[in-house]
Amino acid sequence: MEEYPVPEEWMQDISRVLFTSEQIQERVAALGQQIARDYAGKSPLLVGVLKGIIFFMADLLRAINIPVEVDFMSVSNYSPEARQQGVVRLVKDLETPIAGRHLIFVEDIIDTGLTLHYLLRSLQARQPASLEVCVLFNKDKRRLIDLPLRYKGFDIPDYYVVGYGLDYREKYRNLPFVGLLKAEALHRGG
Ligand code: 5GP
């Protein structure tokens, strides 16, 4: 596979690559095959939250060789107080009616689980036929709520990671790998 270009300025801020582009692609392909097997004949709807999900969703969709549909929602940055209660504000809702549909909630990373718990509850209220979660990076060290994760890419330690769609203050999303930021880059703030 052809290598993706990497912004040199941002490479200097990375202390360690956790997963290479190849490792991610391989795992995403396996998740796609598993989903295709489990949902044959069901035409599932994949739902993601912008913007961190863009690369994972694009790669996962192409790894699923059965008919699927996709839709996105967007949530606001929440205050620390609201975050503690797991409350997020929906900025953009789904365009697709989901009652009776087989939904797969595709999530880039789960930390405490509060965000996902809140969003799943709100989707469940619209009565989909089924609702499962597919997460790429699972950090369960700080998990506050037990969540059923049907499809899981990687378990990772309690680090702040960037790349492959994941940002720090809107930077680093276009890194093709997932890595750790140096402390000075975190403190510099963006
Ligand atoms: P939770 O509600 O599970 O604590 O937080 C989930 C959200 O926090 C993710 O959807 C993501 O936006 C953000 N997040 C949590 N951990 C990380 C991380 O290591 N890197 C990045 N870029 N975002 C993270």
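As the structure lists them, so they are numbered: ligands from 1, and atoms in each ligand from 1. Being a predicted model, the structure only gives us computed values, none of them experimental.
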Can you name the atoms of ligand 1, numbered from 1 with element, that are less than 4.0 Å from a heavy atom of [X]?
| X | result |
| --- | --- |
| D167 | 21 (C), 22 (N) |
| K139 | 16 (N), 17 (C), 18 (C), 19 (O) |
| T115 | 1 (P), 2 (O), 5 (O), 6 (C) |

For [X], state whether at least one heavy atom is located under 4.0 Å from any atom of ligand 1.
| X | result |
| --- | --- |
| R142 | no |
| Y168 | no |
| D108 | yes |
| Y159 | yes |
| G113 | yes |

Could you pull out every donor-acceptor pair under 3.5 Å between side chains of residues 121-129 and any protein atom, sequence neighbours left out?
residue, atom, partner, partner atom, Å
R126, NH1, D93, OD1, 3.3
R126, NH2, D93, OD1, 3.1
R126, NH2, D93, OD2, 3.2

Give the table of side-chain donor-acceptor pairs shorter than 3.5 Å for residues 30-51, with sequence neighbours excluded, one pair per line with atom names and distance.
residue, atom, partner, partner atom, Å
D38, OD2, R150, NH2, 3.3
D38, OD2, Y151, OH, 2.6
K51, NZ, E170, OE1, 3.0

#### Entry: Nitrogen or oxygen atoms of V161 and ligand 1 under 3.5 Å apart
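Yes, there is a polar N/O contact under 3.5 Å.
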
### Message
What I want to know is whether T112 and ligand 1 share at least one N or O pair that is separated by under 3.5 angstrom.
### Response
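Yes - when backbone and side-chain N and O of T112 are compared with those of ligand 1, one distance drops under 3.5 Å.
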
### Pairwise side-chain contact, D108 with L136, heavy-atom cut-off 4.5 Å (strictly under)
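The answer is no, as the side chains (C-beta and beyond) never meet within the 4.5 Å cut-off.
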
### Check: F137 ring centre within less than 6.0 Å of F19 ring centre
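Centroid distance F137-F19: below 6.0 Å, so yes.
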
### Query
Between atom CG of L18 and atom OG1 of T20, what is the distance when rounded to the nearest 0.5 Å?
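Rounded to the nearest 0.5 Å, the CG-OG1 separation comes out at 10.5 Å.
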
### Message
For A29 versus A63, what's the shortest heavy-atom pair and its separation?
### Response
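So the minimum-distance heavy-atom pair works out to CA-CB, 3.9 Å.
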
#### Entry: Closest non-hydrogen atom pair between D13 and R188, with its separation
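Closest heavy-atom pair between D13 and R188: OD1-NH2, 3.2 Å.
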
